[in-house]
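Computed from a predicted model, the values in this text were never measured in an experiment. Every chain is numbered from 1 and lettered A, B, ... according to where its sequence line falls, protein lines coming before strand lines.
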Amino acid sequence: MTTSNLYIYDSLTRRLEKFTPATPPFAGLYVCGPTVYGDAHLGHARPAITFDLVFRYLKHLGYRVRYVRNITDVGHLEGDSDSGEDKITKKARLEQLEPMEVVQYYTDRYHDDMDSLNVQKPSIEPRASGHIIEQIEMVKAILNAGYAYEVDGSVYFDVRKYNEQHHYGKLSGRNVEEMMAGNRELEGQEEKRHPADFALWKKASPTHLMRWPSPWGEGFPGWHLECSAMSAKYLGKEFDIHGGGMDLLFPHHECEIAQSNATFGHDTVRYWMHNNMITINGQKMGKSLGNFITLREFFSGNHQELARAYSPMTIRFFILQAHYRSTLDFSNEALQAAEKGLQRLLQALETLDQLKPSDTSTTDAAGLADKCHAALQDDFNSPVAIAHLFDAVKTINAVRDRRETLSGEDLKKLRDTFRLFLVDIFGLTAEKDDLGQKDELLEELMELILELRKTARENKDWETADKLRDALQHMNITIKDSKDGSTWEINH
RNA sequence: GGUCUCGUGGCCGAGUGGCUAGGCGGUGGUCUGCAAAACCAUUUACAGCGGUUCGAAUCCGCUCGAGACCUCCA
């Protein structure tokens, strides 16, 4: 294994901590996945890409990583009330489908979106509905430990009791007493002994569709239980990294900590990582505000806020260009800037293959790997690593233009390093749809047209040459002339 | 109201005490039949006020502004 010096910002200690996995060379990573009752929006892309980077980089460092990302397919209640309808059921009713049809439909679409973004599949993608037994067992264990109570077919976590021996609120920086003061009156809370108590198991109302038998009657698991149960099942009672969006810090992850402590008597997570939010007009992009733009809308450009379509790779690069703990503000201008920047990097990747080695090097190319590693080992600072790649682009172009030279050895090193970080670790590649759109017939036709234009230009028949160029531009095809001839591409 | 975070040049976005972040845009140039593309060069910053320090974007205080969580949310 590569000796690493990886530091991760731990949300719990609020400091950079040196990453030392519990049982090297293994590393366990659990990330909260989506609730599948709607298309993924730009906000969903952030944790997916952030932890895809973590996954890829840990693997690169030589760890044997088990990455678990759940699918939440048990509908959580819309309100905190017994009478509330859950999100998936509501969607199912509106679309006249089985709840599980809704789940399947949006799970498939989520997978498609993640594939487009070149997000690697997790090692295990467990569904909450497939782990009802594990969740029931966990409720039992918490009841046995005395940290929960049953009321009329529902089981609640006893936060006040738990707080006597543990600190409920240590992750999100709050305490139970303070939370009392600011707590709002919500319906359906009469059963709880304390407003901060949360449901571990919820009795299903007669009309509730998603329901399972349990020792407490027909019902469904509580909001926070699935992640505790499934992370323990697949990663053990102590695992390395638990990730998710900052908005899950409270109450979701706070509750997970309480559940795990109640069940196992100790924390299960060694490092808590939280990605920040994507904002639009300075505000969080989210379901509740209704100001979200789905990934599919980005890819098609079909949304009021979008000046045009943006490719999946542009979205990916846009997200990687900011540090995961900073907010990232969406704008058309920023996305177009990202698109241009990415093109520059990808162009350099191609140029790199054409470079010829010299006897000696006039420029340093060896430092790139160290600099990029240093950036990533500093809490996955992808924007700094990317800045180093841009510096390397200058070198690559200089060698191409014969302003600098590289020895064979240095050239190989530069190629390997550049490709390693850009393609393997950041997952940035040329758009696949480029090739998809260029079918064979089109290729041949374009070759013919470019040949005709070349002849026209050689005969100084500028009228014909320009006519071809302009006509193609109208068809959304751009001709790019260079010394070595002309190339073409379809505009996005 | 409670807890917390942030405020960097036209835009996005790194940076936590002294050393050019980077990208995009703009401007100038090279190339080109012209244009585009590509490449090269280059421009402006640290919300305000006060303090600590030889020295602060970076530490402390205050003011102003924005946001997040406290209910489902990535």
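- Side-chain contact annotation: A:Asn70 with A:Thr72, donor-acceptor N/O pair under 3.5 Å present.
- The aromatic rings of A:Phe317 and A:Phe390 sit perpendicular, their planes meeting at an angle over 60°, well past the 30° parallel limit.
- Separation of the C1' atoms belonging to B:C11 and B:A37 is 23 Å when rounded to the nearest angstrom.
- Within the 4.0 Å cut-off from OP1 or OP2 of B:C6, not a single side-chain nitrogen or oxygen of A:Ser326 is found.
- Of all nucleotides listed (B:C72, B:A68, B:G33), B:G33 comes nearest to the side chain of A:Asp466.
- Taking for each of A:Thr35 and A:Arg174 the nucleotide of RNA chain B with the nearest heavy atom, the 5'-most of the two is the partner of A:Arg174.
- The distance between atom OH of A:Tyr310 and atom C1' of B:C24, rounded to the nearest whole Å, is 12 Å.
- Separating the CD1 atom of A:Ile280 from the P atom of B:A74 is a distance of 16 Å, rounded to the nearest angstrom.
- Counting non-hydrogen atoms under 4.0 angstrom, A:Leu342 reaches nothing in the nucleic acid.
- The A:Ser288 side chain lies nearest to B:C72 when the options are B:C70, B:A74, B:C72.
- Of the listed nucleotides (B:A68, B:A14, B:A35), B:A35 has the atom at the smallest distance from the side chain of A:Arg469.
- The CG-C1' distance, from A:Leu389 to B:G23, rounds to 12 Å in whole Å.
- As rounded to whole Å, 14 Å separates atom C1' of B:G67 from atom CG of A:Asp247.
- Under 3.5 Å, the side chains of A:Thr294 and A:Arg296 contain no donor-acceptor pair of N or O atoms.
- Between the C1' atom of B:C69 and the OH atom of A:Tyr168 lies a distance of 12 Å, rounded to the nearest Å.
- One interatomic measurement links the two molecules: CD of A:Glu333 to P of B:G26, which rounds to 10 Å at whole-angstrom precision.
- A donor and an acceptor atom, one from each side chain of A:Asp379 and A:Tyr324, are located under 3.5 Å apart.
- The aromatic rings of A:His253 and A:Trp272 lie tilted to each other, with the angle between the two planes from 30° to 60°.
- Among the atoms of the strands shown, only primed sugar atoms or phosphate atoms (P, OP1, OP2) are found under 4.0 Å from some heavy atom of A:Ala334.
- Remark: RNA chain B takes part in the stems B:1-7 with B:64-70, B:10-12 with B:22-24, B:26-30 with B:38-42, B:47-51 with B:59-63, each of 3 or more antiparallel Watson-Crick or G-U pairs, criterion distances under 3.5 Å.
- Across the P atoms, B:U30 and B:A66 are found 49 Å apart, a figure rounded to whole Å.
- Nucleotides B:G7 and B:A14 have their C1' atoms positioned 15 Å apart, rounded to a whole Å.
- There is no side-chain donor-acceptor pair under 3.5 Å between A:Asn291 and A:Lys284.
- Among the protein residues, A:Thr279 comes within range of no part of the nucleic acid, since none of its heavy atoms lies under 4.0 Å from any strand.
- Within the 4.0 angstrom heavy-atom criterion, only backbone atoms of the sugar-phosphate kind lie near A:Asn381; the bases stay farther away.
- Under the 3.5 Å distance criterion, with hydrogens and angles disregarded, a donor-acceptor pair is assigned to the side chains of A:Gln259 and A:Ser228.
- Using a 4.0 Å cut-off between a side-chain N of Lys or Arg and a carboxylate O of Asp or Glu, A:Arg453 and A:Asp481 qualify as a salt bridge.
- Put simply, CZ on A:Arg457 is 11 Å from P on B:U32, counting in whole angstrom units.
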Under a 4.0 Å heavy-atom criterion, the protein footprint on nucleotides 36-47 of chain B, written with B, S and -, is BBSSSS------
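- Nearest-nucleotide mapping onto RNA chain B: of A:Tyr324 and A:Ala338, the residue sitting toward the 5' end is A:Tyr324.
- Regarding A:Gln336, its CD atom lies at a distance of 11 Å from the C1' atom of B:G25, rounded to whole Å.
- Aromatic pair A:Phe421/A:His373: ring centres closer than 6.0 Å.
- Exactly one of A:Phe292, A:Phe298, A:Tyr110 qualifies for a ring pair (Phe, Tyr, Trp, His ring centres under 6.0 Å) with A:His41. That residue is A:Phe292.
- Below the 3.5 angstrom threshold, one finds no donor paired with an acceptor across the side chain of A:Asp391 and the base of B:G22.
- Contacts of A:Gly244 with the nucleic acid, taken as non-hydrogen atoms under 4.0 Å apart, involve only primed sugar atoms and P, OP1 or OP2.
- A distance of about 10 Å separates the P atoms of B:G48 and B:U8, rounded to the whole Å.
- Here B:A74 is the nucleotide among B:G23, B:A74, B:C12 with the atom lying nearest to any side-chain atom of A:Asn275.
- The base of B:C4 is not paired with the side chain of A:Arg14 by any donor and acceptor separated by under 3.5 Å.
- No contact: A:His388 has no heavy atom under 4.0 Å from any strand.
- Within the 4.0 angstrom heavy-atom criterion, only backbone atoms of the sugar-phosphate kind lie near A:Leu248; the bases stay farther away.
- For the P atoms, the distance from B:A47 to B:A56 is 15 Å, rounded to whole Å.
- A:Tyr162 has its ring centre no less than 6.0 Å from the ring centre of A:His194.
- Taking atom C1' on both nucleotides, B:C59 is separated from B:U53 by 10 Å, rounded to a whole Å.
- Looking only at atom types and distance, the side chain of A:Tyr310 has a donor-acceptor partner in the side chain of A:Asn332 under 3.5 Å away.
- Here A:Phe390 does not pack flat against the base of B:G23, since the 5.5 angstrom centre distance and 30 degree tilt limits are not both met.
- Closest approach to the A:Ala322 side chain among B:A74, B:C72, B:G13 is made by B:G13 (side chain taken as heavy atoms from C-beta onward).
- For the pair A:Asn332 and B:C11, the criterion of a side-chain N or O lying under 4.0 Å from OP1 or OP2 is not met.
- At the heavy-atom level, A:Met246 lies nowhere under 4.0 Å from the strands shown.
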